[in-house]
Amino acid sequence: MPGGRLSHEERRHIAAGLADGLTYSEIAVRLHRPVSTITREVARNGGAAGYDADRAHQATAIRARRSMPAAPPPVPDVLDGRDPRTIRELEEHFTAMLVDTGLPRTAARVLVSLYITDSGSLTAAELVQRLQVSPASVSKAVGRLEQHQLIRRERDPRRRRDRYVIDGDILYPSWMASARKNARLAAAALHGAEALDPATPAGARLKNMGRLLQHLSNDMIRAAEHWHDTFDGQ
């Protein structure tokens, strides 16, 4: 309302004015309030015949409490004595970097939540609470991450619900899956080059694309195998 909420004393003046037969305009002039403020106040609290200052003030207080934003959900074990501002900045920066790679924002936030949580494991309900998004958004995000083998699903027999897990081991199969996708794309490009004739501009273009992707795929596989043999478990 213009000028802020009506006080209890102002509501008493409204009730007294109505009892004296004053119009809404006359009451508004006395309280230095817009006529629309008085009209709405009376209409939502019983009308001119049933307006009661005490009930009106109590009802307004109840409506105000209902409209207050909910308290933020408790943060999972990611804090554990760490500085909240540092954690928030890390989340925002890490999420932005993943979004830049083409990952949808909610999927990126899920992945970041799993990475920076000490347990490396969260349920769908915990993700909904932490990210303040709908269950459907979480379901779609974890589905995409599973498709790319960036997380894995484990069944919690005690709670009869799924947990989504990320750890060091998950990166190796994800990287290898990406290498295999590049290899399939390389094979398709080289096949297309043969179909178009490598001597033609279009055929040569596909041949170069195929050779590059094939080279990248082989390098990715060699690098992953080297890491797995040298550093895995350290």
Side-chain angles (χ1 to χ4, degrees), residues 90-117 119-128 130-157 161-234:
L90 173 63
E91 286 182 298
E92 292 174 355
H93 180 67
F94 203 173
T95 297
M97 295 290 288
L98 290 174
V99 170
D100 282 345
T101 69
L103 200 62
R105 180 167 180 80
T106 302
R109 294 183 68 201
V110 168
L111 196 59
V112 171
S113 295
L114 289 168
Y115 264 117
I116 69 174
T117 301
S119 65
S121 170
L122 294 168
T123 65
E126 289 168 338
L127 287 166
V128 166
R130 177 178 175 78
L131 303 180
Q132 292 293 281
V133 296
S134 68
S137 296
V138 168
S139 177
K140 183 177 180 180
V142 297
R144 180 180 289 270
L145 294 172
E146 285 183 294
Q147 180 183 359
H148 291 288
Q149 299 184 42
L150 291 170
I151 64 175
R152 70 171 182 268
R153 186 190 303 243
E154 291 183 353
R155 188 69 174 175
D156 187 341
R161 64 180 63 181
D162 290 332
R163 299 191 68 86
Y164 301 99
V165 180
I166 190 167
D167 52 37
D169 291 338
I170 201 70
L171 292 177
Y172 178 76
S174 175
W175 183 270
M176 294 296 286
S178 180
R180 288 191 292 270
K181 287 179 182 178
N182 280 339
R184 290 194 295 270
L185 186 55
L190 292 172
H191 177 74
E194 290 299 322
L196 294 175
D197 185 352
T200 65
R205 189 179 306 117
L206 284 179
K207 182 178 180 180
N208 287 337
M209 173 185 173
R211 292 174 64 185
L212 173 61
L213 289 172
Q214 192 176 58
H215 181 75
L216 289 175
S217 175
N218 292 337
D219 279 354
M220 289 177 69
I221 292 172
R222 282 194 294 267
E225 290 176 342
H226 175 70
W227 175 87
H228 193 270
D229 294 340
T230 307
F231 301 105
D232 190 26
Q234 293 187 8

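Just so it is clear, the model here is predicted, and its values are computed rather than measured.
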Cationic N near anionic O, under 4.0 Å, R130 to E91
yes
A223 meets the side chain to side chain contact (heavy atoms under 4.5 Å, CB included) criterion, sequence neighbours left out, with none
Quick one: CD on E126 to CG on L114, what's the gap to the nearest 0.5 Å?
10.0 Å
Over all atoms of both residues, closest heavy-atom pair of S113 and L131:
OG-CD2, 3.5 Å
Is the closest side-chain heavy-atom distance between L145 and V110 below 4.5 Å?
yes
Does the side chain of P104 come within less than 4.5 Å of R144's, by heavy atoms?
yes
Output for pair (L206 CG, D197 CG), nearest 0.5 Å, gives 11.5 Å
How would you list all residue pairs meeting side-chain hydrogen bond (donor to acceptor under 3.5 Å, both in side chains) that involve residues 205-215, not counting sequence neighbours?
H215-D219
Let me check something: any side-chain donor-acceptor pairs from residues 133-143 under 3.5 Å, sequence neighbours excluded? List them with distances.
residue	atom	partner	partner atom	Å
S134	OG	S137	N	3.1
S134	OG	S137	OG	3.0

A side-chain contact here means heavy atoms from C-beta on lying under 4.5 Å apart; do I166 and L111 qualify?
yes
E154: partners by salt bridge (charged side-chain N to carboxylate O under 4.0 Å, His left out), with sequence neighbours left out
R152
For residues 181-196, tabulate all N or O donor-acceptor pairs below 3.5 Å that involve a side-chain atom, not counting sequence neighbours.
residue	atom	partner	partner atom	Å
K181	NZ	H148	ND1	3.4

N/O donor-acceptor pair under 3.5 Å between T101 side chain and L98 backbone:
yes
Testing the 3.5 Å rule here: is there a donor-acceptor pair between the side chains of T95 and R109?
no
Please list all pairs passing the ring pair (Phe, Tyr, Trp, His ring centres under 6.0 Å) test where one or both residues lie in residues 91-110, with sequence neighbours left out.
F94-Y115
In this structure, CZ of R155 is separated from CZ of R163 (nearest 0.5 Å) by 12.0 Å
Looking only at atom types and distance, does a side-chain atom of T117 sit under 3.5 Å from a main-chain N or O of G120, one as donor and one as acceptor?
no
Determine, step by step, whether R153 and V165 satisfy the side-chain contact (heavy atoms from CB on, under 4.5 Å) criterion, reporting the C-alpha distance in whole Å, the side-chain angles of both residues, the deciding distance to 0.1 Å, and the verdict.
CA-CA 6 Å; R153 186 190 303 243; V165 180; over 6 Å; no
Between Y164 and L122, is there a side-chain heavy-atom distance shorter than 4.5 Å?
no
